[in-house]
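For reference, the structure is listed below as structure tokens.
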Number of protein chains: 2
Amino acid sequence: MRKTKNTYHHGDLAESLLVAVDEIATKFGLEAVTLRACAKLVGVSPSAAFRHYSDKKALLTAFATRALDQLSLAMSDAQYAAVENSSNPFHAVCLAYVKFALEKPAFFRAMWREESLYTSDKNYIAAALNLQAHMQAGFADTIEDKDPDSISPQELLAWSSVHGLAKLFIEGTVGRDNTMEEKIERARDMIIALDSAIK
Amino acid sequence: MRKTKNTYHHGDLAESLLVAVDEIATKFGLEAVTLRACAKLVGVSPSAAFRHYSDKKALLTAFATRALDQLSLAMSDAQYAAVENSSNPFHAVCLAYVKFALEKPAFFRAMWREESLYTSDKNYIAAALNLQAHMQAGFADTIEDKDPDSISPQELLAWSSVHGLAKLFIEGTVGRDNTMEEKIERARDMIIALDSAIK
DNA sequence: GGACTAATGTAAACGATGTTCACTTTTTTT
DNA sequence: AAAAAAAGTGAACATCGTTTACATTAGTCC
């Protein structure tokens with residue numbers, strides 16, 4: 001797989017650390033992500049990480065940025081598929097958002113943890129704006145929008161509600177004893193209610 | 001103010017620690033809340049806290065519970081005032097939710113930080129259910145609800161959207177360079193959109 | 001009113017974490 | 001081939017949450 005001849009120089013530590021964050025977060029939760037654990041997983045001394053990231057926060061910001069991109073991708077995939085099936089793209093995009101949160105909670109939580117992110121980071125902001133664009137693209141045919149640069153109240157409602165539902169699910173505030181399927185069903189119902197409120 | 005005669009026994013350390021959490025969180029943010037800092041602020045040794053809370057998490061859970069109660073109160077106040085003024089109670093309750101988040105971000109964030117809370121704590125769950133009840137009470141005249149025990153899709157939409165908007169504001173994802181007034185205005189607009197989607 | 005007990009505090013220590021610093025090893029440049 | 005830059009190491013530090021053994025106070029019972 002990877003040439004482990006020269007063990008001193010790693011090759012692409014920056015990337016490997018991100019993979020390590022992924023692994024640990026997925027397996028043991030975001031709280032278990034520690035610099036030392038990542039370093040150990042990669043097989044490198046803790047201080048090595050600082051050659052590539054100024055901070056733990058910087059590493060997590062990079063990870064969050066990547067997570068945002070994944071979500072954007074999932075949403076545009078869903079939209080594309082909906083157009084193919086000639087089903088409702090608005091529904092599809094909204095549902096994709098909630099589904100992503102349910103299926104990859106570590107990623108979803110990571111991308112919105114302001115307290116452990118540099119939310120002013122250029123790449124992070126760009127990814128967030130990109131996500132917003134994908135969101136609005138999904139709304140395009142459903143919500144009439146005069147000014148495509150700003151967010152209309154309807155768009156804000158749509159985004160807020162899927163975001164909020166995802167959060168409520170993940171926090172366990174809502175649907176604590178629902179199965180995954182039931183949660184998705186509830187999400188679908190909410191999105192239908194949302195739909196009728198928007199057009 | 002407080003009799004500082006006997007410095008050994010504090011009197012009501014459990015309560016004082018909660019006040020300390022409040023002070024530090026409000027002044028320096030939730031991340032600055034550390035057991036040692038709280039203890040120092042109260043004037044007590046770090047280990048003393050463990051006589052009253054099994055954990056840092058337990059302390060934060062108690063704080064979150066209190067925050068939930070405050071939010072419940074703010075919402076029922078808003079509802080009451082709206083009824084007095086014969087303005088729209090649904091709008092009032094929703095706006096109160098977002099306003100609380102904007103005005104007391106530390107509290108709002110504290111109550112939803114699953115990662116640092118015992119979300120299965122009895123009191124915490126009770127407070128969360130109570131909040132939900134206040135929410136639904138605010139919706140009562142607006143959203144027709146067959147089964148008052150469960151949450152209808154419309155109610156879920158309402159809750160999700162105000163919760164989501166609050167989060168988006170606090171995270172800085174939306175309205176990063178809006179003033180407080182502008183944010184409230186946007187919230188109002190969103191709630192109006194929500195309203196027309198629900199009845 | 002004193003003795004016993006429970007409650008509540010302290011001080012010192014531990015392991016884990018993020019981070020820094022002086023140093024070494026490899027890679028790149030010239 | 002030499003010099004400079006890049007990427008890694010290991011030891012150390014401060015801080016944090018937490019535990020342990022001990023000290024002090026408050027409450028209760030005879």
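Numbered from 1 within each chain, the chains take letters A, B, ... in sequence-line order. Excluded from the calculations below are hydrogen atoms, water molecules and symmetry mates; all remaining heavy atoms, backbone and side chain alike, are included.
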Distance-only check: which donor-acceptor pairs under 3.5 Å involve side-chain atoms of residues 89-106 of chain A, not counting sequence neighbours?
from: A:His91; atom 1: NE2; to: A:Asp195; atom 2: OD2; distance (Å): 2.7
from: A:Tyr97; atom 1: OH; to: A:His163; atom 2: ND1; distance (Å): 2.7
from: A:Lys104; atom 1: NZ; to: A:Gln70; atom 2: OE1; distance (Å): 3.2

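One atom, CG of B:Leu17, and another, P of D:dG17, lie 12 Å apart when rounded to the nearest Å. The CG atom of B:Asp55 sits 17 Å away from the P atom of D:dC16 (whole-angstrom rounding). Between A:Phe50 atom CZ and D:dT9 atom P the separation is 13 Å, expressed in whole Å. In this entry the distance linking NZ of B:Lys40 with C1' of D:dC16 reads 13 Å, nearest Å. Taking atom CG of A:Leu13 as the reference point, atom P of C:dT26 lies 16 Å away to the nearest angstrom. Atom pair A:Leu41:CG and C:dT17:P shows a separation of 14 Å (rounding to whole Å applied). With rounding to whole Å, A:Tyr53 atom OH is found 17 Å from C:dG18 atom C1'.
In this structure, CG on A:Leu41 lies 7.5 Å from NZ on A:Lys27, to the nearest 0.5 angstrom. Here A:Asp77 contributes atom CG and A:Ser72 contributes atom OG; the two are 10.5 Å apart, rounded to the nearest 0.5 Å. Taken to the nearest 0.5 Å, the CG atom of A:Leu73 stands 11.5 Å off from the CG atom of A:Leu131.
Formation of a donor-acceptor pair under 3.5 Å by the A:Glu155 side chain with backbone atoms of A:Phe139 is not found in this model.
Within residues 20-38 of chain B, the residues approaching DNA chain D are B:Thr34, B:Leu35, B:Arg36, by heavy-atom distance under 4.0 Å.
Residue B:His52 has its side chain nearest to C:dT8 when only C:dT10, D:dT9, C:dT8 are considered. Side-chain atoms of B:Lys56 lie closest to D:dG17 of the nucleotides C:dT19, D:dG17, C:dT10.
Counting only residues at least two apart or on different chains, the salt bridge (Lys or Arg N to Asp or Glu O under 4.0 Å) pairs with a member in residues 115-137 of chain B are A:Arg109-B:Glu115, A:Arg113-B:Glu115.
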